[in-house]
Amino acid sequence: MLEVTRIRNDYDAVIAGLQKRNLSPEVLQLVDEVIAQDDRRKQVQAELDQLLAQRNSLSKEIGQLMQGGRRDEAESMKQSVSAMKGSIEIMQDQLTAAKDRIEAILLTLPNVPQTIVPAGKHAEDNEVFRDWAGPLPAAGDKPLPHWELGKKYNLFDFELGVKITGSGFPLYRGKGARLQRALIQFFLDQAIAAGYEEIIPPLLVNEDTARATGQLPDKEGQMYHCTADNLYLIPTAEVPVTNIYRDAILQESDFPIKLTGYTPCFRREAGSYGSDVKGLNRVHQFDKVEIVQFQHPDRSDEALMAMLDHVASLLDQLGLPYRILRLCGGDLGHTSSITYDFEVFSAAQQKWLEVSSVSNFETYQTNRMRLRFRNGDGATQLAHSLNGSALALARVVAALLEFYQTSDGIEMPSVLIPYTNFERIG
RNA sequence: GGAGAGUUGGCCGAGUGGUUUAAGGCGCACGUCUGGAAAGCGUGUUUCCCAAAAGGAUCAAGGGUUCGAAUCCCUUACUCUCCGCCA
């Protein structure tokens with residue numbers, strides 16, 4: 001969440017940034033309410049502290065009187081302290097009310113987009129940051145969509161997924177399963193080579209964890225919830241991996257912290273329909289290798305670019321056509337200050353599929369998580385957090401199968417062969 | 001799942017209602033000493049709120065009792081031991 005001090009000190013920039021998100025005037029007015037509520041909070045806090053100080057010193061005197069055996073004086077003093085109770089309680093309630101209101105507003109307010117984020121309402125307003133320079137496969141050139149290839153070569157089975165669980169839970173088999181595992185291993189090895197530490201996190205998280213990275217309360221309906229134990233199935237490894245550093249104070253020398261993790265991801269995707277959910281385009285369970293960084297605020301921009309290069313190199317090595325978009329304010333996620341999406345070209349469907357989203361959250365997540373570091377002055381300061389998919393499997397598999405199909409099989413890109421242990425499917 | 005014991009600062013650890021303003025130790029930082037270092041000695045060292053001295057909050061979390069709670073009561077979470085179940 002945003003820091004109140006930033007809203008105060010950088011008011012104009014915060015408003016200007018939030019305006020790029022295409023927010024309603026009502027939401028923008030909440031920024032002013034935060035300041036008003038915070039003024040109120042400070043005032044009430046000061047008055048309450050004074051009362052508490054008074055009570056503390058009187059109570060101490062009572063203790064001394066009691067020990068000195070002057071019980072009558074102690075008794076009358078007790079009564080006067082008791083009389084303060086009512087006002088202390090009222091002030092405490094007011095303080096809690098102000099704090100709760102500030103918290104509620106801050107949860108509503110999204111991150112402030114960076115200055116280079118374009119304004120815009122929808123996905124169409126996203127800026128093409130790096131386009132695919134080469135030619136794209138023409139329509140009909142690669143005729144079969146991945147779901148038909150999957151059926152033809154017995155790589156995955158949606159009907160069995162439905163039988164076992166329900167729609168959106170694909171079952172992979174044979175070379176389909178092996179390709180999946182090969183890609184995971186390849187992506188992890190690449191991340192490790194780039195200096196990331198591998199993590200295998202829990203796949204179920206508690207409420208505190210889901211709140212810290214921002215899934216709660218805003219995206220409650222997107223997660224599978226195990227109510228008996230009040231745990232949530234993770235929608236991305238970002239959630240458990242980022243929370244490793246919840247409520248911590250780092251040294252500057254600890255930076256950069258670079259973590260990677262493979263996990264299955266579970267998303268309810270309520271409200272999705274149509275061609276978007278065909279085949280592997282959008283499923284409830286998919287595999288993903290995530291990269292996460294914690295950085296010094298001065299170096300998070302360059303860290304983001306390095307993450308971009310890392311993801312790009314994965315797609316380059318796989319030989320798939322892709323482009324990079326810089327998301328516009330309206331399409332930017334709630335917690336992000338800037339996001340680049342990677343879209344890989346689906347040759348048979350003739351459309352772009354999102355396979356990675358790389359973001360700098362600056363202090364938005366770390367403020368909620370209380371992840372700080374000790375700066376040169378010895379003071380604590382919020383760290384920056386970043387993450388990205390490297391990569392999301394299901395759609396990469398879809399694009400890969402379609403792109404490398406021939407009339408009688410599917411060729412594996414050479415970089416994958418040491419991992420798959422087969423050169424072609426079919 | 002059942003029974004019992006626990007949770008105190010970066011770490012260890014004392015603390016059963018009032019000089020606890022959380023003892024003592026380790027670690028760390030600075031100073032002193034030294035040719036330099038170690039040892040010794042001295043000072044400092046949770047985090048958060050407030051512009052800040054002062055002040056306030058903070059002993060797993062939340063609630064309660066009390067003039068006053070690390071300390072007593074209730075609820076929850078977690079850890080350990082034993083029993084049960086189990087890959």
Side-chain angles (χ1 to χ4, degrees), chain A residues 1-11 34-106 200-212 216 225-232 240 243-255 257 363 366-383:
Chain A
M1 59 181 107
L2 295 178
E3 297 147 87
V4 177
T5 48
R6 180 177 176 193
I7 292 175
R8 284 180 177 281
N9 299 339
D10 249 347
Y11 181 85
V34 168
I35 295 174
Q37 289 286 347
D38 193 49
D39 287 339
R40 173 98 184 117
R41 190 203 105 239
K42 286 182 188 177
Q43 183 207 331
V44 174
Q45 177 92 60
E47 288 170 29
L48 175 64
D49 283 356
Q50 212 163 5
L51 278 177
L52 290 175
Q54 214 174 339
R55 186 189 71 179
N56 287 346
S57 74
L58 286 175
S59 291
K60 197 172 287 180
E61 277 187 56
I62 291 170
Q64 282 161 0
L65 288 173
M66 296 286 273
Q67 283 185 331
R70 294 148 75 182
R71 299 205 48 172
D72 291 349
E73 289 171 63
E75 278 307 320
S76 70
M77 205 176 265
K78 272 190 194 182
Q79 282 179 9
S80 66
V81 179
S82 279
M84 295 169 62
K85 272 192 167 180
S87 21
I88 287 177
E89 206 167 319
I90 289 169
M91 308 243 72
Q92 274 170 341
D93 288 349
Q94 287 177 352
L95 185 65
T96 309
K99 281 183 174 173
D100 287 353
R101 181 63 188 146
I102 292 169
E103 167 103 6
I105 295 173
L106 291 180
I200 300 181
L203 305 181
L204 287 156
V205 295
N206 61 31
E207 235 179 291
D208 287 345
T209 296
R211 185 169 297 110
L216 291 178
H225 187 194
C226 304
T227 52
D229 299 287
N230 197 24
L231 296 173
Y232 295 87
N243 269 276
I244 293 172
Y245 286 95
R246 169 152 47 98
D247 209 3
I249 300 177
L250 305 169
Q251 300 303 314
E252 278 197 42
S253 56
D254 292 332
F255 293 128
I257 291 173
T363 57
T366 53
N367 187 29
R368 210 185 292 202
M369 285 207 303
R370 298 180 306 277
L371 170 57
R372 296 145 293 170
F373 68 98
R374 216 167 279 287
N375 64 23
D377 301 332
T380 57
Q381 187 183 337
L382 292 172

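Letters go in sequence order (proteins before strands), and every chain restarts at 1.
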Check your understanding: Mind checking whether A:His225 and A:Tyr232 have parallel, tilted or perpendicular rings, split at 30° and 60°?
Key -> parallel
Review point. Under a 3.5 Å cut-off for both distances, is B:U32 Watson-Crick or wobble paired, and to whom?
Key: B:G40
Point to revise | Pairwise P distance for B:C26 and B:U43, with rounding to whole Å | key: 15 Å
Check your understanding: Judged by modelled atom types alone, do A:Glu47 and A:Gln43 share a side-chain donor-acceptor pair under 3.5 Å?
Key -> yes
Practice item. Would you mind pulling out the nucleotide paired to B:G27, Watson-Crick or G-U wobble, both distances under 3.5 Å? Key: B:U45
**Study point:** Distance, nearest 0.5 Å, that separates CD1 of A:Ile7 from CG of A:Leu106
**Key:** 5.5 Å
Review point. Starting at the 5' end of RNA chain B, which residue's closest nucleotide do you reach first, A:Thr5 or A:Ile249?
Key: A:Ile249
Point to revise | B:G18 versus B:A69 - spacing of their C1' atoms, nearest Å | key: 10 Å
Exercise for review: Just name whichever nucleotide pairs with B:U20, Watson-Crick or G-U, keeping both distances under 3.5 Å, else none.
Suggested key: none
Review point. If we take the C1' atom in both B:G24 and B:U32, what is their distance in whole Å?
Key: 24 Å
Practice item. Could you tell me whether the phosphate oxygens of B:C48, OP1 or OP2, come under 4.0 Å of any side-chain nitrogen or oxygen in A:Arg370? Key: no
Exercise for review: Determine the interatomic distance between C1' on B:C67 and the same-named atom on B:C80; round to the nearest Å.
Suggested key: 39 Å
**Study point:** N/O (side chain, A:Arg372) to phosphate O (OP1/OP2, B:U47) under 4.0 Å
**Key:** no
Practice item. State, without any angle test, whether A:Thr96 and A:Asp93 hold a side-chain donor-acceptor pair at a distance under 3.5 Å. Key: no
Check your understanding: P atom, B:G13 versus B:C74: distance in rounded Å?
Key -> 27 Å
Practice item. Mind listing the closest non-hydrogen atom pair of A:Ala98 and A:Gln37 along with its distance? Key: CA-OE1, 3.7 Å
Practice item. Assign a letter to each nucleotide of nucleotides 51-79 of chain B from its 5' end: B, base within under 4.0 Å of a protein heavy atom; S, sugar-phosphate only; -, no contact. Key: S---BSS---------BS-----------
Review point. Is there a Watson-Crick or G-U wobble partner for B:A70 with both distances under 3.5 Å, and which nucleotide is it?
Key: none
Practice item. Flag the pair A:Asp247 and A:Arg372 as a salt bridge only when some basic side-chain nitrogen lies within less than 4.0 angstrom of an acidic carboxylate oxygen. Key: yes
Point to revise | Whole-Å gap separating C1' (B:C49) and CD1 (A:Ile102) | key: 12 Å
Review point. Considering Watson-Crick and G-U wobble pairs with both distances under 3.5 Å, what does B:A87 pair with?
Key: none
Check your understanding: Just how far, in rounded Å, is P of B:C28 from CD of A:Gln251?
Key -> 13 Å
Review point. Is a donor on one side and an acceptor on the other found under 3.5 Å between the side chain of A:Ser87 and the backbone of A:Met84?
Key: yes
Review point. Considering only side-chain heavy atoms of A:Arg41, which listed nucleotide, B:C48, B:C50, B:U47, is closest?
Key: B:C50
**Study point:** Distance between C1' atoms of B:C72 and B:A23 (Å, rounded)
**Key:** 23 Å
**Study point:** Distance between C1' atoms of B:C33 and B:G17 (Å, rounded)
**Key:** 47 Å
Practice item. Using the closest heavy atom to pick a nucleotide of RNA chain B for each, name whichever of A:Asp38 or A:Glu61 lands nearer the 5' end. Key: A:Glu61
Check your understanding: So does A:Lys42 pair up with A:Asp39, basic N to acidic O under 4.0 Å?
Key -> no
Revision key, fill the gap. When rounded to whole Å, the CD to P distance for the pair A:Gln92 and B:C49 reads 19 Å
Point to revise | Identity of whatever pairs with B:G9 - Watson-Crick or G-U, under 3.5 angstrom | key: none
**Study point:** Span that lies between the P atom of B:U7 and that of B:A14, in whole angstrom
**Key:** 9 Å
**Study point:** Pairing partner (Watson-Crick or G-U wobble, both distances under 3.5 angstrom) of B:A52
**Key:** none
Exercise for review: Whole angstrom is fine here: how far is it from CG in A:Asp247 over to C1' in B:C48?
Suggested key: 11 Å
Check your understanding: What does A:Ser80 touch in the nucleic acid at a heavy-atom separation under 4.0 angstrom: a base, only the sugar-phosphate, or nothing?
Key -> nothing
**Study point:** Any-strand Watson-Crick or G-U partner of B:G4, both distances under 3.5 Å
**Key:** B:C80
Practice item. Using a strict 4.0 Å threshold on nitrogen-to-oxygen distance, state whether A:Arg211 and A:Glu207 make a salt bridge. Key: yes
